[in-house]
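For reference, the structure discussed in these notes is given below.
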Amino acid sequence: MSTVRCRIAPSPSGFLHIGTAKMALFNWLFARKTGGTFVLRLEDTDAERTDEAFVQAMCEGFTWLGVDWDEGPAFGDKAAVGELGPYRQSDRKSVHQDAGYKLLKTGHAYRCFCTKEELDAERESAQQEKRRKMKCPCRDLDSGEAENRKDEHHTVRFRVPEGHTEVVDLVQGTVRTDNRELDDFVILKPNGDPIFHLAVVVDDALMQITHVIRGDDHLTNAARHVLLFDALGYDRPQFAHLPMVLDEQGKKFSKRLHGANVLDWRDDGYLPEALINYVALLGWTPAEENRELFTIEELQQAFAPERWSKSAARFDRKKLDWLNGQHIRALNPTVLQGRLVAILEQAGFDVSQKDDAWFATLTEVCQEKLATLNQIIELSDYFFTDITTYEEKPVKKQWQVEGAAELMSQLIACMEGVDLWNRDTLKEAYHALGEATGTGLGKMVHPTRLALTGKSIGPGLFEIAELLGKEVSIARMQQGLAYINSL
RNA sequence: GGCCCCAUCGUCUAGGCUGGUCUAGGACACCGCCCUUUCACGGCGGCGACACGGGUUCAAAUCCCGUUGGGGCUACCA
């Protein structure tokens with residue numbers, strides 16, 4: 001059993017963002033790869049931004065992706081698991097406070113009685129005068145005096161020591177920071193609530209996290225955290241700061257953008273395994289060169305931090321489409337069928353009029369063509385609804401030509417002559433007609449497709465006819481013929 | 001503003017640490033051909049990059065410095 005323990009620590013202030021999902025995924029795959037433990041911790045210390053509805057939404061995202069945790073809070077319909085909880089930061093307040101007071105006692109922290117206004121003013125003038133911010137006078141307050149004033153409105157600040165801090169990072173290398181760049185940051189708010197920095201460090205230490213894998217927006221914070229780990233007497237974990245996910249324009253993936261919510265991808269007909277495969281590739285290169293297609297299990301086998309990328313990557317919808325298509329092709333047909341039926345039903349089609357065998361055939365003829373699950377709708381809507389319009393371009397090309405009506409009549413007669421109706425018998429009949437009249441197959445197929453589907457593209461024509469049945473096919477041919485005559 | 005991180009085809013990347021084997025490899029996208037009743041799938045081929053400027057060196061995509069561009073931190077948010 002590996003000793004690796006890593007975690008995802010989202011703050012439930014919205015849906016599951018694609019960037020958070022990447023971090024969760026890297027932690028999860030790393031834990032699975034090493035046989036370690038993956039912990040979910042909810043960072044809900046900022047009560048104003050937290051909402052139970054967000055907690056639910058985030059849970060739904062994880063559930064859809066199939067990213068499961070070994071330890072975590074009660075979440076959605078899952079019960080709390082793990083010995084090192086509670087796993088909601090809001091339930092750990094006293095632990096954080098204890099750590100804060102311990103720091104106060106050991107002189108690693110001090111009470112600061114400055115007002116927010118004073119601080120803001122100093123920050124601004126320092127900025128304007130291009131000088132380093134002055135240290136807070138409270139830093140040097142006599143500890144006895146500070147103790148006497150402890151009922152006054154104040155914060156607790158960490159006393160950043162002189163010198164340098166080195167963060168050893170698995171992906172960024174060693175990053176050295178001059179401690180003067182790190183202001184004495186607040187660790188306890190006036191109401192006693194812990195600030196993020198204190199809370200993460202205490203929780204990571206107490207939950208025995210060995211690998212802190214998170215976004216590189218925390219790289220600078222890591223120096224503060226290392227200082228806190230040291231001051232509290234905890235062992236430092238290993239760090240890995242991963243680049244964030246960029247949108248297609250190369251900008252930070254905004255929350256407002258479609259696709260920022262991982263569930264957008266579900267709704268658009270993407271497979272979770274495809275999204276996972278794609279996001280994994282966005283910042284990790286398989287050791288096995290020139291390989292891109294992975295199942296979840298293969299990913300869990302192959303995922304290694306030595307090949308994590310340092311530079312940020314854009315989200316490329318086209319490549320996701322391709323990968324999604326690959327995963328659809330790899331899907332068990334029965335499983336695919338179930339998903340397609342669900343989508344058609346959701347789209348409002350009456351799926352009860354077709355039986356299981358019919359859907360199996362539909363799935364078979366569509367599996368090779370789909371890039372997303374949702375494309376099944378445009379690929380098969382004409383099986384469920386009557387034809388009311390025809391695409392303009394193919395009408396011009398196939399029907400507004402000399403002899404179109406006559407050809408349609410011949411094709412109808414041909415269809416009527418087919419007794420045992422299936423793709424092969426109809427194809428044979430068309431071939432026979434073609435040979436008898438000297439007409440190429442294409443010349444017959446395209447007008448037929450237009451009559452049967454109203455479109456110029458779709459699955460194989462004879463497969464479509466088989467699925468439609470003889471009666472409906474002929475009726476649609478006659479409807480097409482009538483349309484031609486009305487032109 | 002200060003500090004930190006990043007920088008190879010349009011996009012994701014290999015190579016960089018251990019300089020020569022890189023006339024820079026793969027994938028997506030795009031274009032062409034083949035397969036084919038359409039589209040897609042599949043096969044074959046094409047287009048296409050070391051951000052810029054200085055060094056170091058016999059030799060630099062690879063090492064160093066600077067510039068530019070992108071991102072982050074600089075909160076009594078996380």
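Per chain, numbering begins at 1; letters A, B, ... match sequence-line order.
The distance from atom CD of A/Glu43 to atom P of B/C77 is 15 Å, rounded to the nearest whole Å. Per the geometry, CD1 belonging to A/Ile376 stands 14 Å off C1' belonging to B/C39, to the nearest Å. Note: CG (A/Asp178) to P (B/C3) measures 10 Å, nearest angstrom. Rounded to an integer number of Å, the gap from A/Tyr382 OH to B/C39 C1' is 11 Å. Straight-line distance from the NZ atom of A/Lys135 to the C1' atom of B/U74: 16 Å, rounded to whole Å.
Pair assignment for B/C44: B/G32, on the basis of Watson-Crick or G-U wobble contacts that are both within less than 3.5 Å. Base-pair partner of B/U21: not found among the strands shown (Watson-Crick or G-U wobble, both distances under 3.5 Å). In this entry B/U37 has no Watson-Crick or G-U wobble partner, no candidate having both defining distances under 3.5 Å. Within the shown strands, B/G2 is the pairing partner of B/C73 under the Watson-Crick or G-U definition, both distances less than 3.5 Å. The nucleotide B/A51 finds its pairing partner in B/U67, both defining distances of the Watson-Crick or G-U wobble pair being shorter than 3.5 Å.
Using modelled atom types and a 3.5 Å distance limit, the side chains of A/Asn277 and A/His327 yield a donor-acceptor pair. If you check the side chains of A/Asp184 and A/Tyr110, you find a donor sitting under 3.5 Å from an acceptor. Looking at A/Glu391 and A/Ser456, their side chains do bring a donor and an acceptor atom within 3.5 Å of each other. Side chain to side chain, A/Asn221 and A/His218 meet the donor-acceptor criterion of an N or O pair below 3.5 Å.
For A/Ser456 and A/Leu219, each mapped to the nucleotide of RNA chain B holding its nearest heavy atom, the one lying further toward the 5' end belongs to A/Leu219. Where A/Leu370 and A/Ser311 meet RNA chain B, the nucleotide closest to each residue was compared, and A/Ser311 sits on the side nearer the 5' end.
Listed nucleotides B/C76, B/U38, B/U11 differ in distance to A/Arg449; the shortest reach to its side chain belongs to B/U38. Residue A/Val186 has its side chain nearest to B/C76 when only B/G72, B/G26, B/C76 are considered. Here the nucleotide nearest the side chain of A/Glu463, chosen from B/C12, B/U37, B/G72, is B/U37. Here the side chain of A/Glu289 is nearest to one of B/C76, B/G26, B/A14, namely B/A14. In the set B/G72, B/C39, B/G26, the nucleotide with an atom closest to the side chain of A/Met244 is B/G72. Side-chain atoms of A/Val445 lie closest to B/U37 of the nucleotides B/A27, B/U37, B/C73. The side chain of A/Arg123 has B/C76 as its nearest neighbour among B/C76, B/A78, B/G10. Distances from the side chain of A/Ile457 to the nucleotides B/U11, B/G71, B/U38 place B/U38 closest.
Residue A/Lys443 is classed as having no contact, given no heavy-atom separation below 4.0 Å to the nucleic acid. Within the 4.0 angstrom heavy-atom criterion, only backbone atoms of the sugar-phosphate kind lie near A/Ile195; the bases stay farther away. Using a 4.0 Å heavy-atom distance criterion, A/Cys114 is classed as a base contact. When heavy atoms are screened at a 4.0 angstrom cut-off, A/Phe462 is found touching base atoms of the nucleic acid. Note on A/Arg214: nothing from the nucleic acid sits closer than 4.0 angstrom, heavy atoms only. Within the nucleic acid shown, A/Arg224 comes within 4.0 Å of sugar-phosphate atoms alone, with no base atom in reach, counting heavy atoms only. At a threshold of 4.0 angstrom between heavy atoms, the contacts of A/Asp217 are confined to the sugar-phosphate backbone, with no base atom among them. If you check every strand for non-hydrogen atoms under 4.0 Å, A/Thr453 touches nothing. Residue A/Pro459 is in base contact, counting any heavy-atom pair closer than 4.0 Å across all strands shown. Here A/Gln127 lies in heavy-atom contact (under 4.0 Å) with a base. Note on A/Gly460: a base of the nucleic acid sits closer than 4.0 angstrom, heavy atoms only. Backbone-only contact: A/Lys133 has heavy atoms under 4.0 Å from sugar-phosphate atoms and none from a base. Among the protein residues, A/Arg132 comes within range of no part of the nucleic acid, since none of its heavy atoms lies under 4.0 Å from any strand. At the heavy-atom level, A/Lys252 lies under 4.0 Å from the strands shown only through sugar-phosphate atoms.
Dense packing is recorded around CD of A/Glu248, with more than 12 heavy atoms of other residues, nucleotides or ligands lying under 6.0 Å away.
Residues of residues 317-326 of chain A having a heavy atom closer than 4.0 Å to RNA chain B, listed by number: A/Lys318, A/Lys319, A/Trp322, A/Gln326.
Both tests pass for A/Lys22 against the ring of A/Phe26: distance under 6.0 Å to the centre and angle within 45° of the axis. Geometric assessment of A/Arg111 against the ring of A/Phe113 yields a negative cation-pi assignment under the 6.0 Å and 45° thresholds.
Between the side chain of A/Arg314 and the base of B/U11, no donor-acceptor pair under 3.5 Å is found. Below the 3.5 angstrom threshold, one finds a donor paired with an acceptor across the side chain of A/Lys369 and the base of B/C39.
Comparing the P positions of B/G19 and B/A27 gives an interatomic distance of 29 Å, to the nearest angstrom. Nucleotides B/C50 and B/G54 have their P atoms positioned 16 Å apart, rounded to a whole Å.
Between A/Asp183 and A/Arg157 there is no salt bridge, since no side-chain nitrogen of the basic residue lies less than 4.0 Å from a carboxylate oxygen of the acidic one.
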